[in-house]
Participant: 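Below: one structure in structure tokens.
Whatever order the structure lists them in is the order used to number ligands and atoms, beginning at 1. By convention here, the first residue in the shown sequence is residue 1.
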Amino acid sequence: MKISQEIIQTNTHQKISIVQLENNNGFKATLSNYGASLIGLMFPNNQGEQENVVLNLAKPLDYLTERTYLGATIGPVAGRITLGQWYKEQQLIQLEQNEGNNHCHGGSHAFDNQFWKMEMNENTQGSYVCFSLVLPAGCEGYPGNRLVTVDYQLTEENQLKIRYHAETDETTILNPTNHTYFNLSGGNEATIANHELQLNSSLFAPLNEENLPTGELVQVTGSVFDFSKKQILSRCLQSQDIQVRQQQGLNHPFILEGNQLYDGCLSHNPSGRKVYFKTTAPSIVIYTGNHFTGENTPENQATIQKHGGIALEMQGLPDAPNHQGFGSIILHPQVDYLREDCYQFTVN
Ligand code: BGC
């Protein structure tokens with residue numbers, strides 16, 4: 001494993017730490033401590049050409065001026081929470097309402113826009129990067145002084161592993177994810193419409209006009225949400241399904257069956273690239289970059305077109321505290337939160 005580091009001075013006292021991990025096959029991940037983010041991932045296609053398979057901004061400093069969530073760690077709670085409210089035992093907790101009346105992606109000061117402490121660690125599988133962040137109680141309304149760590153590890157088997165660990169001194173809620181947009185064609189030119197997706201899931205959660213789950217869990221059978229056998233994404237993206245039209249693509253949580261070696265696979269035939277994914281989380285939000293327009297200002301988004309990437313956001317179900325049957329995202333003191341997501345890259 002080769003490791004290289006770079007420090008970039010910002011125009012405040014803060015510094016961005018960039019680290020690059022490269023395994024013996026030349027599989028390369030670039031990470032930034034700003035947002036504990038994955039800002040580049042080089043993997044070869046079937047011609048042996050190394051290309052970047054994740055969406056990123058041109059320069060690490062660009063992430064400071066624009067909040068795109070590209071490649072970032074999201075939290076404390078990913079997705080939306082209705083009215084920013086939940087009950088801790090009988091007590092109403094009000095989180096910041098940073099998207100209309102609702103709370104979204106952890107609020108205005110959240111995992112994706114903080115400078116995380118970065119250090120290198122070692123386990124039996126080799127070296128890994130560990131980002132850590134201390135969050136004081138009350139930040140954006142969340143209870144608990146919390147310590148959160150996110151590890152990124154590349155293995156010699158071409159796996160990228162992301163491990164989350166958290167602890168709190170007061171009961172709180174936590175549901176982190178990673179917001180990497182994949183584009184296995186290796187560039188920003190093509191959309192993900194010709195990628196194929198397979199998911200071991202038979203239930204998805206429909207959304208309302210505010211992108212919040214309606215609370216139902218619906219069988220995918222017979223709908224464009226059925227990815228139990230791999231499906232080309234264009235079939236879903238172009239369909240007249242009301243849920244797809246309302247979101248202009250996929251932005252939906254799927255319950256993972258979790259009973260197989262992998263929970264799903266994203267593949268791109270022309271390049272031969274495939275990524276199998278597996279998580280210890282109960283669900284995944286599939287987001288097909290529906291808001292990108294390719295002609296946005298601020299200028300950094302300009303090169304990202306609609307459906308330019310697909311985010312595979314492994315997590316507990318969004319808005320879980322407000323829906324029966326959505327599981328729990330409560331974190332208690334003295335109970336460590338541990339989670340691992342794994343992306344296995346292959347080419348053929
Ligand atoms: C959300 C989208 C949102 C996007 C922002 C996704 O995780 O589900 O609704 O527009 O993040 O980048």
Participant: Using a 4.0 Å cut-off to any heavy atom of E313, which atoms of ligand 1 qualify?
Facilitator: 6 (C), 7 (O)
Participant: So is there a nitrogen or oxygen of Y69 less than 3.5 Å from a nitrogen or oxygen in ligand 1?
Facilitator: no
Participant: Out of the candidates E210, E99, H105, only one should pair with R80 under the side-chain hydrogen bond (donor to acceptor under 3.5 Å, both in side chains) rule; please name it.
Facilitator: E99
Participant: Give a yes or no on whether the backbone of E122 and the side-chain of S127 come within a donor-acceptor separation of less than 3.5 Å.
Facilitator: no
Participant: If we ignore hydrogens and angles and just use 3.5 Å, is the side chain of S271 paired with the main-chain N or O of S185 as donor and acceptor?
Facilitator: no
Participant: Determine whether the side chain, the backbone, both or neither of R80 has a heavy atom under 4.0 Å from any heavy atom of ligand 1.
Facilitator: side chain
Participant: Clusters formed by hydrophobic residues whose side-chain heavy atoms approach within less than 4.5 Å: which one holds I173, and what are its other members?
Facilitator: V77, I81, W86, I93, L95, Y142, I329, I330
Participant: For ligand 1, note which part of Y181 has a heavy atom under 4.0 Å away: side chain, backbone, both or neither.
Facilitator: side chain
Participant: Any idea which protein heavy atom is nearest atom 10 (O) of ligand 1, and the distance to it?
Facilitator: Y287 OH, 3.4 Å
Participant: Considering heavy atoms of the protein only, find what lies nearest to atom 1 (C) of ligand 1 and give residue, atom and distance to 0.1 Å.
Facilitator: N251 OD1, 3.5 Å
Participant: Show the numbers, then the answer: is there a side chain to side chain contact (heavy atoms under 4.5 Å, CB included) between L266 and I192?
Facilitator: CA-CA 10 Å; L266 179 71; I192 45 81; over 6 Å; no
Participant: Considering non-hydrogen atoms of the protein only, which is the closest contact for atom 6 (C) of ligand 1, and what is the distance?
Facilitator: H179 NE2, 3.3 Å
Participant: Not counting sequence neighbours, which residues clear ring pair (Phe, Tyr, Trp, His ring centres under 6.0 Å) with Y343? List them please.
Facilitator: F182
